[in-house]
Protein chains: 2
Amino acid sequence: MEQTKMRILSAAAKLFDIHGYQGTSVRKIAEEADVNVALISYHFQGKQGVLETLMASYFETLFRLLGEQEATLASAPVWQRLEQVVRLYVQFHCEHAAITRLIQRELSVESMLAREVMTLYMSRYKHGLASVLEYGIGTGEFQTCSVDRVVLGVTSHIVYPLLHPQMVRQVYELEPASEEFSDWLYTSVLDFLRVSLLPDSRSSTLFHE
Amino acid sequence: MEQTKMRILSAAAKLFDIHGYQGTSVRKIAEEADVNVALISYHFQGKQGVLETLMASYFETLFRLLGEQEATLASAPVWQRLEQVVRLYVQFHCEHAAITRLIQRELSVESMLAREVMTLYMSRYKHGLASVLEYGIGTGEFQTCSVDRVVLGVTSHIVYPLLHPQMVRQVYELEPASEEFSDWLYTSVLDFLRVSLLPDSRSSTLFHE
DNA sequence: GTCTATAAGGGGATAGAC
DNA sequence: GTCTATCCCCTTATAGAC
């Protein structure tokens, strides 16, 4: 049943986030989902299938949202488009913090199981931001700079705090899942982009080749 | 024997980095170290003891280096002290990239084994950077800002690329272990700090409360 | 300090009944 | 689609010989 698959995915997302992928057994997932163990293999061909399904659905959702936005903003001024893309990235990561954490963590394991699947997703993931930056540089509205490095800077800013929610709670006294946190992150990243991309900025070699 | 302990620690650091802590078995560590399995329990009271020893030695080394630097630079101008502290952090993280990756990854697991041990280390870890910033703000040489947020920004910048060495290789065409990468990271972080801390910067709300 | 042998348990996956 | 029972492998840790 479709409901069973959803229960398994929810339970797995929760436990993978708390204990890590390797630290979670299919038995624990079944228990948390209140579902028989064998159903995990039946519906997802095993534990790795659950992970891959989670990742796929995460990225497909992000790409769908990016596509929808692209359609409505295609002719808007480039800075406004950048603002909207950044807002989408920040909100998406915050809303799906647990899976973001899971993906980023597993991605840092060199012998990751689903590495081939991931490289494809990551390339489209980067392109969502990079394409707007490249367009702005092309029209001369943005300073010439290394797009790759700016994208890495933005990603670091957004993702790193999500990787350590307990630190964010202590240091920021902000709930990582809250709207305040999301808003603050959005403002920070835009400031960073302003400094990196807009001319009339004071002399800085930041992210410029 | 002391050599045996070192062989185990080296092997464990390598395998934990490649496969993750949970993904590495004591048998594989023993094999990689060319040492009998039982010696891991004998010398480190089990697998977790190896992890804790690695983490402890990592932080003790960093804190010792910070202390030595503090002693020689105590009376230097604050911006120069900041430069030296940042250089130390960047170089240290790059030189010990594998253990940095391991620690940051395991730290993002909510049910991490050695969490109590870690919180103590992390507080001193942050203080190394924060103390210089606070001093500079106190003398009025740095703009008033949220020290915690600047420290998080710096940490994100340094650590995130190290978490994804394969991405760095593709995107930057730089070897994450190389001196060029370390130098670039140093320059980037200093630029970031200049924008965040020094007055006469163009209007930016970045990291200011 | 080092080794062998073994204990005691948990892991993922599946065959076959319903 | 769901469940039970089971297989087989690998895990960590340790007792006891050397």
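Keep in mind that this is a model prediction, so the values were computed, not measured. Note on naming: letters A, B, ... go to the chains in the order of the sequence lines (proteins, then strands), and numbering restarts at 1 for each one.
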Asker: Is the backbone N or O of Phe63(A) less than 3.5 Å from a side-chain atom of Arg124(A), with the two atoms forming a donor-acceptor pair by type?
Answerer: no
Asker: Would you indicate which nucleotide in dG1(C), dA13(C), dA13(D) comes nearest to any side-chain atom of Lys47(A)?
Answerer: dA13(C)
Asker: In whole Å, I'd like the distance from the CG atom of Leu39(B) to the C1' atom of dA17(D).
Answerer: 15 Å
Asker: Between Lys28(A) and Tyr42(A), which residue's closest nucleotide on DNA chain C lies nearer the 5′ terminus?
Answerer: Lys28(A)
Asker: Given dT2(D), dT14(C), dA13(D), identify the nucleotide with an atom nearest to the side chain of Met1(A).
Answerer: dT2(D)
Asker: Between dT14(C), dC3(C), dA13(D), spot the one nearest the side chain of Ala38(A), thanks.
Answerer: dT14(C)
Asker: Between dC10(D) and Ser25(B), is there an OP1 or OP2 to side-chain N/O distance shorter than 4.0 Å?
Answerer: no
Asker: Using whole Å, what does the distance between atom P of nucleotide dC3(D) and atom CG of Asp34(A) come to?
Answerer: 9 Å
Asker: In this structure, how many angstroms lie between the P atom of dG12(C) and the CD atom of Gln22(B), rounded?
Answerer: 11 Å
Asker: Side chain of Arg27(A) only, please: which of dG12(C), dT2(C), dT4(D) is the nearest?
Answerer: dG12(C)
Asker: Please give, in whole Å, the distance from dC10(D) P to His19(B) NE2?
Answerer: 15 Å
Asker: Rounded to the nearest angstrom, tell me the gap between atom CG in Asn36(A) and atom P in dT14(C).
Answerer: 15 Å
Asker: How many Å lie between CD on Gln48(B) and P on dT11(D), as a whole number?
Answerer: 18 Å
Asker: In whole angstroms, how far is the P atom of dG12(C) from the CZ atom of Phe44(A)?
Answerer: 15 Å
